[in-house]
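Chain naming here is simple, since letters A, B, ... match the order of the sequence lines and numbering starts at 1 in each. All heavy atoms count here, side chains included; hydrogens, waters and symmetry mates do not. Every value quoted in this text rests on a predicted model; they were computed, and no experiment measured them.
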2 protein chains.
Amino acid sequence: MSLDVASLAHSMRDRLPPKHDAGWTLGISRPEAMAEPAEKAARHLDLPARQTILDEGDEARSLHVILEGSVMLSKLLPDGRRQIIELLGPGDVFGLCINRLSDVTAETVLPSRIVVYDRAVAESSPSLQRLVADRMKAQICALHDHAMLLGRKNAVERVATFLMRLVPNRGGQGCAGPLAAGKADQAQVHVTLTRQEIADYLGLTLETVSRAFSLLKRQGVLAYGRHDDVTIGNVCRLCQCTGSH
Amino acid sequence: MSLDVASLAHSMRDRLPPKHDAGWTLGISRPEAMAEPAEKAARHLDLPARQTILDEGDEARSLHVILEGSVMLSKLLPDGRRQIIELLGPGDVFGLCINRLSDVTAETVLPSRIVVYDRAVAESSPSLQRLVADRMKAQICALHDHAMLLGRKNAVERVATFLMRLVPNRGGQGCAGPLAAGKADQAQVHVTLTRQEIADYLGLTLETVSRAFSLLKRQGVLAYGRHDDVTIGNVCRLCQCTGSH
DNA sequence: CGGGATGTTGAATATGATCAATGAGCGTGG
DNA sequence: CCACGCTCATTGATCATATTCAACATCCCG
């Protein structure tokens, strides 16, 4: 079954930015739509935005692969504090856990197409295994970066990092030190998360996120009318605000 | 090659606690020492404590498997802020990255025995692939938990969570709500990290970590003379301090 | 046009960071 | 063996940053 999936994964991987490629495609249009593998034993989900796929604690024996859209993974503490753990995009996988219970809640951010493979099927397919291994490596790297953000960065650095990751092909290798002066370096990003969701992702409150946006706007690093369409005047200037460069 | 590795990995997995099993064995003696797979194309490292294995940015094409001891993965920001990302133990893997460069620094915490497989070798061995996939799943779960800790928990909750994870078979499923009263529920843990390292792991300063320890001691939750030998009077009481229960 | 959800801004507060002094443990060498 | 110096930990006082509480503004949808 399915050399489809493997080749798919490889071609995707090659197109993605070299680092931070674990789902950082939120709101970025991806014109090359992924071909859909036609496999039996695979359920297909076609979901609207903000739809729960899996709850923390649910039985989770199957492999979910995102074909289109984006999914967020989150966890709750008993008193209601929430942390959004990962933001995933096309090619990313979720739903597998070492025990049979999901450790996170998964819900769509955008309308999404997802393939669900039975655990046994996933484990018997070398090409799927390969896809899963590659994606998990990428997700681990993303989680490493995120741990650094949550543990050591201040509010503005967190928001700047978040925005940088919405800019395709930047923030990883692309931005090597201060860019050659005089180069116009604009970018337009679409922020699909609410301030509350961004806050839950960055380990802040929504007010603090809002203040960080306002500060960056006041400093001329960002411009926006509607809260969700942000223009980054100078990408490298924003990059300087992330604390990573 | 090596049904050794696969069977090894499976037997280990079965012995480990069901959740949080990605390396939470720091300082816990593990009497059943792992058999060492006798494979060509595998380099063996025998390292003292606090030895750097791999630097952030180093070429990292090979798979490292920990046989004995423990390893910490960390990242630095340009201004010197450090975050310890993961603490790994026997059975855990590291050194593989989606690009060819390591995204983290790896160094031993305890004297450690490590096998290093060439990337090509690792990728051609189904049993190693299997080990890697299983371990990565466990590490991803641990990273999810840690993101929750870093993003949403306060200082005492972080320290309590850290200590709970040093108690074998607890903190995961084991501790279901308030334990039956009157049950003696002591545990002795050995803290191998310095306060500074704990701080870098928990996203705090060493002073804050010290204060949290002192507070828990003053409340009678902990007792210790030397800083590194901690007695937990009532494990469930400590568990209550983690914010997770 | 109105109402609910979402976002912004301000003032007071709390939590952890920073700066600083002191103390305990340990290995080395007189 | 003890004194010295080093590292590591504790504790206190002050400060900074993010949180909390609250009022108000804006956007979107019916």
Problem - Global bending angle along the helix from dC1(C)-dG30(D) to dG30(C)-dC1(D), which compares the axes of five pairs at either end, to 10 degrees - result: 30°
Handout entry: Interface residues of residues 224-232 of chain A with DNA chain C (non-hydrogen, below 4.0 angstrom)
Key = Y224(A), H227(A)
Problem - Contacts of R82(A) that satisfy side-chain hydrogen bond (donor to acceptor under 3.5 Å, both in side chains) - sequence neighbours left out - result: D200(A)
Practice task
With sequence neighbours left out, write down each residue that passes salt bridge (Lys or Arg N to Asp or Glu O under 4.0 Å) with E107(B), or none if nothing qualifies.
Solution key: none
Practice task
State which residues pass ring-ring contact (aromatic ring centres under 6.0 Å, His included) with H144(B); sequence neighbours excluded, sorted by chain then number.
Solution key: none
May I have the list of side-chain donor-acceptor pairs in residues 46-56 of chain A shorter than 3.5 Å, sequence neighbours left out?
{"residue": "D46(A)", "atom": "OD2", "partner": "R113(A)", "partner atom": "NH1", "Å": "2.3"}
{"residue": "R50(A)", "atom": "NH1", "partner": "E197(A)", "partner atom": "OE1", "Å": "2.5"}
{"residue": "R50(A)", "atom": "NH1", "partner": "E197(A)", "partner atom": "OE2", "Å": "2.3"}
{"residue": "R50(A)", "atom": "NH2", "partner": "T192(A)", "partner atom": "O", "Å": "2.8"}
{"residue": "E56(A)", "atom": "OE1", "partner": "L76(A)", "partner atom": "N", "Å": "3.0"}

Exercise for the section: Drop me the distance from L150(A)'s CG to I85(A)'s CD1, to the nearest 0.5 angstrom. Expected result: 8.0 Å
Handout entry: Under the side-chain hydrogen bond (donor to acceptor under 3.5 Å, both in side chains) test, residues paired with K153(A) that sit two or more places apart
Key = T161(A), S244(A)
Fill in the blank from the handout: Taken in chain and number order and not counting sequence neighbours, the residues that satisfy side-chain hydrogen bond (donor to acceptor under 3.5 Å, both in side chains) with R218(A) are none
Problem - Check: A142(B) main-chain N/O paired with D145(B) side-chain donor or acceptor under 3.5 Å - result: no
Problem - Results of side chain to side chain contact (heavy atoms under 4.5 Å, CB included) for R195(B) - residues two or more places apart only - result: I198(B), L206(B), V209(B), F213(B), Y224(B), H227(B)
Problem - Exam field: side chain Q139(B) to backbone V93(B), donor-acceptor pair closer than 3.5 Å - result: yes
Practice task
Could you tell me the separation between the CD atom of Q188(A) and the CG atom of L166(A), rounded to the nearest 0.5 Å?
Solution key: 12.0 Å
Practice task
Check for a donor-acceptor pair, side chain of R158(A) on one end and backbone N or O of L202(A) on the other, with a separation under 3.5 Å.
Solution key: yes
Problem - N/O donor-acceptor pair under 3.5 Å between R152(A) side chain and R81(B) backbone - result: no
Exercise for the section: With a 4.0 angstrom cut-off to heavy atoms of chain A, pull out the first and last contacting nucleotide of DNA chain D, in 5'-to-3' order. Expected result: dA18(D) to dC28(D)
Handout entry: Between T242(B) and E157(B): side-chain donor-acceptor atoms closer than 3.5 Å
Key = no
Practice task
Could you list by number each residue of residues 206-216 of chain B showing a heavy-atom separation from DNA chain C of less than 4.0 Å, or answer none if no residue does?
Solution key: E207(B), T208(B), R211(B)
Fill in the blank from the handout: 5'-most to 3'-most nt of DNA chain C touching chain A (<4.0 Å, heavy-atom partner on protein side) reads dG7(C) to dA11(C)
Problem - Under 3.5 Å donor-acceptor, Q186(A) side chain and I232(A) backbone - result: no
